[in-house]
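Comments concern the structure below.
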Amino acid sequence: MIINKITAAVSALAMTAGVLTYVPKTGIQEELPRTNAASSYNYAEALQKSMFFYEVQQSGKLPDWNNVTWRADSMVDESGKETDAVPGGWFDAGDHFKFTLTNAYSASLMAWGYIEYKDAVDNAGLGELYRNNLQWGLDYVLACDKGGGKMIGTIGDFTGGSTDHNIWCSAEVYLRKHHLNNGDWKRPSDTISNASVAALSAACLAEGYLVFKDTQPDKAADYLKHAKDLFEGADKIRANKDVGGMSGMYNTSSWLDDCMYAANWLYRATGDKSYLDKIEKDYIPNFPLENQSTDRKYTWGLCWDDTSQAAALLYAQNTGSQEWIDHVNRHLKYWMGEDSKPFEGSITSKGLSWLTNWGCLRHATNTAWLAKLASDTIFKDDSSLASKYNTWADKQMNYCFGDNEEGISYVLGMGSKWPQAIHHRTASGIHDDHWNELGQKSGGNEGWQTEYAHTLYGALIGGPDSKGSYGNYKVSDYQYTEVAIDYNAGYTAALCAMIADNGGSPLADFPLTETPTWDEWQVAAVINGSGSSYTEVKAWAMNHTAWPARVAEDIEYRYYFDVSEVLESGLTIDDITVEGKSQQYGEGKQGHATVSGPYKYEGDTTGNTYYALIKFDDGRAIQPTGQSEHRDEVQFRVSIPDGKGGTWDPSNDWSYKGGLAKASDLKKADSLNKQITMYVDGVLVWGTEPDGTEPAPYTVPGSSGSTTTTSATTTTTTSTTTTTTTTTTTTSTAPTTTSTTSYTDTTTETTTTSGGGENTDSVTKWGDANCDGGVDLADAVIILQSLANPNKYGLSGTDEHHITEQGALNGDVYENGTNLTANDALSIQKFCLNLIKELPEK
């Protein structure tokens, strides 16, 4: 389990125990002043959440500092090995493509914002978080460099009609769908010779050198080395028609702007005037012109395919040229609708400069970034002009947060209301591939999923129409509902400037750990046939996981039945047959199930409850990747012999009473049967056993198969503990997996674990609550587990990992001498994060 995810989980546990904790996230060391009275928005919060969005977009094995508790490793095969030609990087948008073009462009604008407003970002406590996210993008771009300007261009299923765009599932299981479609575990990739891709890559790596040269000199030197080579290659290629897998998605149209942009950055990184000389000799004479005019192009706006205005501003900054300062001035006047040439788009009633329906807010915030920076640099000596452009830029940004016609935030997870239909696969957590009903009021006649699993905090959505109206768009209206790394890029840079102007404070409790809003594992069942001697059931075992999306090899479920009438009629258990009938997968394939039984249910004191066991040979075939994959159908029968005088009555069977008689269709909710219990990796995850045993509180699946508890049941009358053992069985004795249940009657909500008292001589190591010889966040976890679930994890707990007497002594680090409380766990967290220097806390 990576450290920040443990921290988030520990925080959630502490709050469950009734203690409000303050656990700083990466780079946040103290509470900072709130925003200035002149601003109604917290721009530091917005920047913090923008970083969260970039962490959602991370591909491959996630870094330790990733804060998204519902994300896990992706693009790995069944052995856990990364298979992309270049691991890492950011997914481009709401799909799973990786484009070097947009990774480089986004990293460049992010780096630019930090370079210009480093002190403001650092003083807000967001410097380390920002640099971590920036470096994630830079390192991917670096790894895509193949020398001489050639680069990996696209990674993703761009063959066969762009199958990536036809697949809707979470990133964690996407490669399994690719494997189903293509039979392999490696996505397609290409190598292209494209001057725009190479130049933007050179630019971001030169900026990376400037950001990291003082703190990571070796890494920075590598960035600069590659930046120089990439720029040289781009300048030789001078063409961008080789787009490879980007075709139809990112068709680059002009290379000169990107080369001029990159040359400016290499001049800044090296001080080598030859880069400026090349701009003056080769690029300025060929700078794009307005249609049917000799004027240099000043219309349109900054984006991945047009960096000409960013190049112009950089050149004006680098040289102080009045000619180019005037050029930037005209570009910004045009965006305000004050130039002689009318603005190409429209200006809404609330002041948004709306350029195009495809990501209009992306264009507005990109230009806001140029305006903010120009106000603070090339126009700083003209206070009237600087104020004018700065005010306009603020209006564009604040429009995104709620100062708009709809009164909503177009930044997801900011404010109290934002668009509901979002073009993003992993955030949806969808399992059946039917995605266009997401965010709608109804799932239609079929009752398709409309609820999103996750809040995509910090993502800037496409935006409204030209009148500022935002309709009841569907996910397929992607020009409005899309999110993308390049949409957030200029917006993020502008936030750096806005923090410098307004201050702000990141949220100390962000992000909170998400817990499921629906059952991740389910069993649905209907009667497939019945008679005087048998009950035949058709059932689906379903995987609807999204916290994170995942698969499991060990999956089974149990159908319970009462044998009282069978025994009373003179038959024995040996007369009962449990057998499999038709099923979805053939023998030898993942998803095939073995049906066996009957097995005696040990939780029944009468001894008359037995069950059929349906155990999948390899449950990983049940995956949340499509309509046929998210469930596995098995038909099975429980029967007695005909003609032997026996009696078969299912009405008293526990699972039958779970609604089987009324279930009409496996596709409908009435078929969900919580009295057919399901187990994943030996743990009860769905349903209620006949003795009342229910699933334990939700746990966040950790790395390497570990789990960390994130919520706890606080009010119970009966506490149960399930111990799982694996044995070789016969049909009349024990099942493949047996469950033994013990009972403890309680009348209070929690039981307090005793602390160490005054005897500190017995302490082996302060803070070492799990007695493993070290002090880390796992010690905080075991303390909080012992408080939240004392019957399982307390001093007398049934779990093998319960806290011990020695652990309780070691863990009593807050106001030593009292009972263990959540404050002891909090002190350990603070010690691990270097907020206090020693334990026990004084």
Looking only at the side chains, is there a donor atom on one of [X] and [Y] sitting less than 3.5 Å from an acceptor on the other?
{"X": "Glu520", "Y": "His431", "result": "no"}
{"X": "His592", "Y": "Asp617", "result": "yes"}
{"X": "Ser189", "Y": "Asp84", "result": "no"}
{"X": "Tyr611", "Y": "Asp604", "result": "no"}

Looking at [X] and [Y], what are the two nearest heavy atoms and their distance?
{"X": "Trp65", "Y": "Asn133", "answer": "CZ3-OD1, 3.6 Å"}
{"X": "Gly603", "Y": "Asp691", "answer": "O-CB, 3.7 Å"}
{"X": "Gly429", "Y": "Ala453", "answer": "CA-CB, 3.9 Å"}
{"X": "Thr677", "Y": "Gly687", "answer": "CG2-C, 3.9 Å"}
{"X": "Ile576", "Y": "Val563", "answer": "CD1-CG1, 3.5 Å"}
{"X": "Ala525", "Y": "Val537", "answer": "CB-CG1, 3.8 Å"}

Salt bridge (charged side-chain N to carboxylate O under 4.0 Å, His left out) partners of residues 166-185, not counting sequence neighbours, each pair once: Arg71-Glu172, Glu78-Arg176, Lys177-Glu629
Could you tell me if the side chain of [Y] sits less than 4.5 Å from the side chain of [X], heavy atoms only?
{"X": "Val578", "Y": "Val595", "result": "yes"}
{"X": "Met678", "Y": "Ile555", "result": "yes"}
{"X": "Val68", "Y": "Gln58", "result": "no"}
{"X": "Arg187", "Y": "Tyr174", "result": "yes"}
{"X": "His423", "Y": "Val483", "result": "no"}
{"X": "Pro624", "Y": "Val173", "result": "yes"}
{"X": "Tyr457", "Y": "Pro511", "result": "no"}
{"X": "Glu689", "Y": "Tyr560", "result": "yes"}

In Å and rounded to the nearest 0.5 Å, what is the [atom1] to [atom2] distance from [X] to [Y]?
{"X": "Asn608", "Y": "Asp562", "atom1": "CG", "atom2": "CG", "value": "5.5 Å"}
{"X": "Thr688", "Y": "Glu694", "atom1": "OG1", "atom2": "CD", "value": "4.0 Å"}
{"X": "Gln420", "Y": "Thr450", "atom1": "CD", "atom2": "OG1", "value": "10.0 Å"}
{"X": "Ser428", "Y": "Glu451", "atom1": "OG", "atom2": "CD", "value": "11.0 Å"}
{"X": "Phe510", "Y": "Phe52", "atom1": "CZ", "atom2": "CZ", "value": "5.0 Å"}
{"X": "Asp157", "Y": "Ile167", "atom1": "CG", "atom2": "CD1", "value": "5.5 Å"}

Does the pair Tyr557 and Trp521 meet the rule for a side chain to side chain contact (heavy atoms under 4.5 Å, CB included), with working shown? CA-CA 11 Å; Tyr557 59 90; Trp521 304 94; over 6 Å; no
Quick check against the 3.5 Å criterion: does [X] have a side-chain atom that pairs as donor or acceptor with the backbone of [Y]?
{"X": "Lys49", "Y": "Gly413", "answer": "yes"}
{"X": "Arg620", "Y": "Asp618", "answer": "no"}
{"X": "Trp70", "Y": "Pro516", "answer": "no"}
{"X": "Gln583", "Y": "Ala593", "answer": "yes"}
{"X": "His179", "Y": "Asp77", "answer": "no"}
{"X": "Tyr140", "Y": "Ser59", "answer": "no"}
{"X": "Asn543", "Y": "Ile622", "answer": "yes"}
{"X": "Arg425", "Y": "Gly94", "answer": "yes"}
{"X": "Asp433", "Y": "Gly626", "answer": "no"}
{"X": "Asn436", "Y": "His434", "answer": "no"}

Can we say Lys615 and Asp554 salt-bridge, meaning some charged N sits less than 4.0 Å from an Asp/Glu carboxylate O? yes
Carboxylate-amine/guanidinium proximity below 4.0 Å for Glu602 and Lys600: no
If the plane angle is over 60° it's perpendicular, under 30° parallel, otherwise tilted; pick one for Trp518 and Trp547. perpendicular
Should the pair His165 and Phe97 be assigned to parallel (<30°), tilted (30 to 60°) or perpendicular (>60°) ring geometry? perpendicular
What pairs with Asn528 under side chain to side chain donor-acceptor pair (under 3.5 Å), at least two apart in sequence or on another chain? Glu536, Gln635
Run the side chain to side chain donor-acceptor pair (under 3.5 Å) test against Thr577 and tell me which residues pass, sequence neighbours left out. none
Are Trp90 and Tyr54 an aromatic pair, judged by ring center distance below 6.0 Å? yes
Counterpart residues, side-chain contact (heavy atoms from CB on, under 4.5 Å), relative to Pro650 (two or more places apart): Thr535, Trp648, Asp653, Tyr656
In sequence, state the C-alpha distance, the side-chain angles, and the governing distance for Met75 and His96, and then conclude on side chain to side chain contact (heavy atoms under 4.5 Å, CB included). CA-CA 9 Å; Met75 306 307 154; His96 303 120; 3.9 Å; yes
Under the ring pair (Phe, Tyr, Trp, His ring centres under 6.0 Å) criterion, do His424 and Trp435 qualify, and how do the steps go? CA-CA 10 Å; His424 196 275; Trp435 47 269; over 10 Å; no
Side chain to side chain contact (heavy atoms under 4.5 Å, CB included) between Val76 and Leu175, intermediate numbers included: CA-CA 7 Å; Val76 295; Leu175 202 59; 5.6 Å; no
Residue list, ring-ring contact (aromatic ring centres under 6.0 Å, His included) with His178, at least two apart or on another chain: none
Would you sort out whether Tyr601 and Phe561 count as a side chain to side chain contact (heavy atoms under 4.5 Å, CB included), showing the intermediate values? CA-CA 10 Å; Tyr601 175 61; Phe561 51 91; over 6 Å; no
Sequence neighbours left out, what pairs pass side-chain hydrogen bond (donor to acceptor under 3.5 Å, both in side chains) with at least one residue falling in residues 659-675? Ser664-Asp670
